[in-house]
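One structure below.
Atom set for the values below is all heavy atoms of this structure, side chains included, hydrogens, waters and symmetry mates excluded. Everything quoted here is computed from the prediction, not taken from an experiment.
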Amino acid sequence: MQVKVRVPATSANLGPGFDVAGLAVTLYNTFVFELLDEGLDIRGCPVQFCNEDNMTYQAFKEGAKACGLEFNGLRIDCSGDVPYTRGLGSSSTCIVAGIVGAFAFKDKYDARQEILELATRIEGHPDNVAPAIFGGLTVSVMNETVTTLNIPVKHDYRFVALIPPFTLSTEKARSVLPQQINRSDAIANVAHLALMVASLINGYDDGLKLGFKDRLHQPYRGHLIQGFDEIMTILEHDEKVLGCYLSGAGPTIMAVISGDDLKGVVRIKAELGHLLDDWQVEKLELDMRGYTCDYE
Ligand code: HSE
């Protein structure tokens, strides 16, 4: 039996929703799992990841433990378009796929809440894994359990991902954050998050530019990303860009435009000019399904 799991890329934080908010977008990684009599055979990813430390394999082992699957060997065949270490949830695709793959061998591939709990424990925070599991825009609260809610998004938005040629590890991007913040920054973030979520629900586009503003992580991470301040300033001055934010821990920057802004990508590329040299630009939509899993 082969189990095929497809997981969407995700864009976390959306500015003020640090470790809380995230959305799934239409870029995917696909993983095919097959049980073997012995050994580990990982294909389709860079050679440095083809070993026992592989994140998908580690997550599969955790998933197997959780659902009581015993196995002696495993083949994992990976493919897809989600760039590594760019702030688009590539590690979450690996973690979610590994757990779903193991659960599928026990016919439990759709146990989404259980998969969320385990994936959050492995990842450390729920903001990427939740939309990768449920699709759409999610907010999550991590306590003893994880509470995730899908937020209905009213408007027909497009998400223009500006993906730099360089990587930024989440570990490094978290290491520059302060341990404490002052009250005015905390209040601003609570206010902006509330405005952002309410604006997305109501299709109130005028609330988004302010609603995406953040004081918890973006100001500390910007200097790690070449051109960050200039790019954000230009996007904020584009009247047709509804909002922009650092995607996850970066370095990808996300610009939100309306579905009827058909020339948005061309205009953004022209405005940013050489700042986007060698950057990949992807116009994405919300993925509403989360992971899918097929097997016979
Ligand atoms: N919320 C996380 C962060 C997302 O910003 O560090 C990346 O894993």
Side-chain angles (χ1 to χ4, degrees), residues 9-25 87-89 92 120 123-132 134 136-143 146-155 157 159-162 168 170 173-225 228-229 231-238 241-257 284 286:
T10 47
S11 177
N13 299 332
L14 286 90
F18 180 73
D19 280 1
V20 169
L23 50 86
V25 288
L88 287 167
S92 291
T120 301
E123 177 94 309
H125 39 85
D127 47 337
N128 283 107
V129 294
F134 296 105
L137 167 65
T138 59
V139 290
S140 302
V141 179
M142 195 166 79
N143 245 315
V146 184
T147 304
T148 288
L149 203 66
N150 261 112
I151 304 291
V153 176
K154 191 165 181 192
H155 197 291
Y157 297 111
F159 298 85
V160 182
L162 311 176
L168 174 58
T170 299
R174 288 179 90 84
S175 74
V176 299
L177 303 181
Q179 288 302 322
Q180 296 190 324
I181 55 159
N182 68 41
R183 187 189 302 186
S184 62
D185 288 344
I187 293 171
N189 261 55
V190 172
H192 294 162
L193 179 59
L195 177 64
M196 184 261 286
V197 169
S199 300
L200 290 171
I201 293 173
N202 291 305
Y204 177 57
D205 293 346
D206 289 349
L208 288 176
K209 262 191 183 142
L210 182 58
F212 282 129
K213 284 205 184 296
D214 163 72
R215 294 205 208 163
L216 271 190
H217 67 108
Q218 291 188 182
Y220 306 100
R221 289 172 161 172
H223 73 277
L224 300 172
I225 301 157
F228 180 76
D229 289 339
I231 292 171
M232 292 293 278
T233 303
I234 291 169
L235 291 175
E236 275 168 10
H237 282 92
D238 179 329
V241 169
L242 304 176
C244 53
Y245 63 89
L246 183 65
S247 182
T252 290
I253 296 169
M254 196 67 94
V256 184
I257 62 173
L284 306 169
L286 268 185

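For the residue pair A161 and T252, the shortest heavy atom distance occurs at CB-CG2, 4.1 Å. Residue N128 comes nearest to G89 through the heavy atom pair ND2-CA, 3.8 Å, listed as atom of the first residue, atom of the second, then distance. Across P131 and T10, no two heavy atoms sit closer than the pair CG-CG2, 3.6 Å. When all heavy atoms of T148 and S140 are compared, the pair lying nearest together is OG1-OG, 2.8 Å. Across D238 and K209, no two heavy atoms sit closer than the pair O-NZ, 2.8 Å. Here the shortest heavy-atom pairing between G211 and L195 reads N-CD2, 3.7 Å.
Annotation: ring pair (Phe, Tyr, Trp, His ring centres under 6.0 Å) contacts of F159 (sequence neighbours excluded): none.
Atoms CZ and CG, on F228 and L246 in that order, are 5.0 Å from each other to the nearest 0.5 Å. To the nearest 0.5 angstrom, E123 atom CD is 10.5 Å from M142 atom CE. One finds the OG atom of S199 at 8.5 Å from the CG atom of D205 (value rounded to the nearest 0.5 Å).
For the pair V141 and P126, the minimum side-chain heavy-atom distance is 4.5 Å or more. Two residues are said to be in side-chain contact when any heavy atoms from C-beta on lie closer than 4.5 Å; L23 and V153 fail this criterion. Put simply, the side chain of L193 does not reach to within 4.5 Å of the side chain of F18, judged on heavy atoms. Residues L210 and H192 meet the side-chain proximity criterion, which asks for heavy atoms closer than 4.5 Å. Two residues are said to be in side-chain contact when any heavy atoms from C-beta on lie closer than 4.5 Å; L137 and L14 meet this criterion. Residues I231 and I225 have side chains not in contact (no heavy-atom distance under 4.5 Å, counting atoms from C-beta outward). Residues L235 and M254 fail the side-chain proximity criterion, which asks for heavy atoms closer than 4.5 Å. Side-chain contact between T138 and N150 is present, with at least one heavy-atom pair separated by less than 4.5 Å.
Judged by distance alone, with hydrogens and angles left aside, the side-chain atoms of Q218 form no donor-acceptor pair with the main-chain N or O of Y245 at under 3.5 Å. For K154 (side chain) and Y204 (main-chain N/O), no donor-acceptor pair under 3.5 Å exists by modelled atom type. Using a distance-only test at 3.5 Å, with no hydrogens or angles considered, a donor-acceptor pair links the side chain of N13 to the main chain of G248. With hydrogens and angles disregarded, a donor-acceptor distance shorter than 3.5 Å links the side chain of S247 to the backbone of G87. In this structure, H155 contributes its side chain and I201 its backbone to no donor-acceptor pair below 3.5 Å. Judged by distance alone, with hydrogens and angles left aside, the side-chain atoms of D127 form no donor-acceptor pair with the main-chain N or O of G22 at under 3.5 Å.
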- Task: Evaluate the criterion side chain to side chain contact (heavy atoms under 4.5 Å, CB included) for residue pair I181 and R215; output intermediate values, then yes/no.
- Result: CA-CA 9 Å; I181 55 159; R215 294 205 208 163; over 6 Å; no
- For D214 and N189, run side chain to side chain contact (heavy atoms under 4.5 Å, CB included): C-alpha distance rounded to whole Å, both residues' side-chain angles, the deciding distance at 0.1 Å, then the answer. CA-CA 6 Å; D214 163 72; N189 261 55; 2.9 Å; yes
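The environment of NZ in K213 is sparse: at most 12 heavy-atom neighbours from other residues, nucleotides or ligands sit within 6.0 Å.
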